[in-house]
Amino acid sequence: MGSTPAASSSLQAALSYCVRQVRSYDYHHYLCLLHLPPAMRKAAFTFRAFNVETAKAMDVVSDPKTGLMRLLWWKDVIDKIFANKLVEHPVAQALSSVVSEQKISKHWLKRSVDARINDANRDEGSIPETTAELERYAEDTQSTILYTTLQAGGIQSTIADHAASHIGKASGLLLLLKSLPHHVNKQGTVPYIPASVAEECGLLTREAGQSEVRMDERLPDAVFKVASVAEAHLQKARELASSVPREAVPVLLPALPAQVLLDSLRRCEFNVFDSRVSRGVHGISPLWYQLKLNWYAWQNKY
């Protein structure tokens, strides 16, 4: 039996909501998704909108407990979707439709929410001990979006998955660096700089068993070290390019916004508080960003 006109209209509204959310909150990736084959866009916009919802959960509330409750609700939503239960939320509706049509791994969706829940559960002001911890978080929140998009496109390639892993890690690390001013203004401490890196740069203070990153002129050195790890991931992803199936390349276009952000940080000498980093799209004009994106897409590169 086909869907009723009302159900079809409701799903269309849900998908439009997903597109609007991605355009509003994740514009650099919104432009990437426009280069996907039309058949893949529904799933891709849905996964990105799901990421927007979980990424925003802690930022749109004044009480962290409310944000955590929202994340736990989304974790429950995934279980309901895979149990074929209706959830009244446009992103959940879109996700339910994608899951019913495509073979999508519940594991990747759960892993992305679990990572954000674990991050929300950290003691206020606490920081990761190592860069590897930060890379895991980046993979869990960013690479998983690429994994599910590849799955939705029916693209089964270990090489493409490896490239997606590296691109997601690079993107996640760089976005965390870009978000530092926001978090410093909100909580007064520097998160997402690993203790091991802060110690190398002479920025680490330990009091009553709590590690903290000092705010001084050496912070760009620490940002540079984390950004260098991201750059190495981009390099590894591009080394795999010749073996990546052609149909997977558009899914991996998010390597470009990661590179643009890295270049902007470099121009600002890794000072994340330089206002130029947040101008336009990752520090460059929207027109120039779109031209670069169009060139890469036309060349079938990432």
Side-chain angles (χ1 to χ4, degrees), residues 25-26 28 55-68 71 115-142 169-234 257-284:
Y25 295 100
D26 194 2
H28 55 281
K56 281 198 313 160
M58 297 300 291
D59 282 338
V60 295
V61 293
S62 52
D63 181 4
K65 286 180 184 172
T66 308
L68 181 57
L71 287 170
R116 296 201 187 277
I117 289 170
N118 293 338
D119 188 49
N121 270 324
R122 284 192 301 132
D123 293 335
E124 194 172 334
S126 70
I127 57 174
E129 280 299 314
T130 64
T131 307
E133 270 182 66
L134 212 55
E135 287 174 279
R136 264 196 307 278
Y137 180 73
E139 178 174 25
D140 290 347
T141 54
Q142 294 296 320
K169 285 175 185 173
S171 179
L173 290 173
L174 292 163
L175 288 170
L176 287 173
L177 292 175
K178 188 185 180 186
S179 74
L180 286 180
H182 165 76
H183 291 291
V184 169
N185 291 335
K186 189 176 179 183
Q187 60 198 49
T189 56
V190 183
Y192 307 126
I193 294 292
S196 57
V197 171
E199 193 162 35
E200 269 183 65
C201 299
L203 291 167
L204 190 69
T205 60
R206 293 190 192 269
E207 275 183 44
Q210 181 88 347
S211 299
E212 208 170 280
V213 180
R214 269 199 303 275
M215 281 276 297
D216 68 25
E217 69 280 355
R218 291 170 293 183
L219 186 59
D221 295 339
V223 171
F224 167 73
K225 285 182 182 293
V226 177
S228 296
V229 175
E231 184 170 33
H233 281 299
L234 283 177
Q259 184 66 56
V260 167
L261 180 50
L262 177 63
D263 293 342
S264 291
L265 285 169
R266 186 175 282 117
R267 275 196 305 277
C268 297
E269 297 180 328
F270 298 94
N271 176 9
V272 289
F273 292 90
D274 190 317
S275 63
R276 288 176 295 170
V277 176
S278 54
R279 282 183 199 157
V281 180
H282 285 343
I284 64 174

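Owing to the predicted nature of the structure, the values given are computational and were not obtained by experimental measurement.
- Residue V213 forms a side-chain contact (heavy atoms from CB on, under 4.5 Å) with just one option from T205, I193, L180, and that option is I193.
- The salt bridge (Lys or Arg N to Asp or Glu O under 4.0 Å) pairs that include a residue from residues 175-193 are D59-K186, where partners are two or more places apart or lie in different chains.
- Judged by distance alone, with hydrogens and angles left aside, the side-chain atoms of R214 form no donor-acceptor pair with the main-chain N or O of A198 at under 3.5 Å.
- Between L261 and V277, some side-chain heavy-atom pair lies under the 4.5 Å cut-off.
- Here the OG atom belonging to S179 is positioned 7.5 Å from the CG atom belonging to L177, to the nearest 0.5 angstrom.
- No side-chain heavy atom of T189 sits less than 4.5 Å from a side-chain heavy atom of Q210.
- In plain terms, the two heavy atoms of E135 and H233 that are nearest each other are OE2-NE2, 2.5 Å.
- Between atom OG of residue S126 and atom CG of residue N121 there is a gap of 10.5 Å, rounded to the nearest 0.5 Å.
- A search for side-chain hydrogen bond (donor to acceptor under 3.5 Å, both in side chains) contacts involving R279 returns nothing, not counting sequence neighbours.
- At a threshold of 4.5 Å between non-hydrogen side-chain atoms, the residues P194 and V226 count as touching.
- Within the 3.5 Å criterion, the main-chain N or O of P181 finds a donor-acceptor partner in the side chain of N185.
- At least one side-chain heavy atom of L175 sits less than 4.5 Å from a side-chain heavy atom of H282.
- Residues satisfying the ring pair (Phe, Tyr, Trp, His ring centres under 6.0 Å) criterion with H182, sequence neighbours excluded, are absent altogether.
- Taken to the nearest 0.5 Å, the CZ atom of R266 stands 7.5 Å off from the OG atom of S228.
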R267 vs I284, side-chain contact (heavy atoms from CB on, under 4.5 Å): CA-CA, chis, key distance, verdict: CA-CA 11 Å; R267 275 196 305 277; I284 64 174; 3.5 Å; yes
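- Ring geometry for Y192 against H183 counts as perpendicular: the plane angle is over 60°, on a 0 to 90° scale with 30° as the lower cut.
- Within the model, atoms OG of S171 and CD of E139 stand 12.5 Å from one another, a figure rounded to the nearest 0.5 Å.
- With respect to the salt-bridge test (charged N to carboxylate O, under 4.0 angstrom), the residues K65 and D63 do not qualify.
- Of all the heavy atoms in G172 and Q142, the pair that sits closest is CA-CG, 3.6 Å.
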Intermediate values then yes/no, salt bridge (charged side-chain N to carboxylate O under 4.0 Å, His left out), D274 and R276: CA-CA 5 Å; D274 190 317; R276 288 176 295 170; 2.7 Å; yes
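- Residues L176 and L134 form a side-chain contact, since some pair of their non-hydrogen atoms from C-beta on lies under 4.5 Å apart.
- Contact detail for A230 and A170: the closest heavy-atom pair is O-CB, 3.4 Å.
- With values rounded to the nearest 0.5 angstrom, L173 atom CG is found 12.0 Å from E231 atom CD.
- For the residue pair P220 and E269, the shortest heavy atom distance occurs at CB-O, 3.6 Å.
- You'll find the side chain of I127 reaches within 4.5 Å of the side chain of L204, heavy atoms only.
- When all heavy atoms are compared, the tightest approach of Y137 to A115 is CE1-O, 3.5 Å.
- We find the CD-CD distance between E129 and E199 to be 9.0 Å, quoted to the nearest 0.5 Å.
- Checking side-chain atoms of R116 against main-chain N and O of L71 turns up no donor-acceptor pair under 3.5 Å.
- At least one side-chain heavy atom of P128 sits under 4.5 Å from a side-chain heavy atom of R122.
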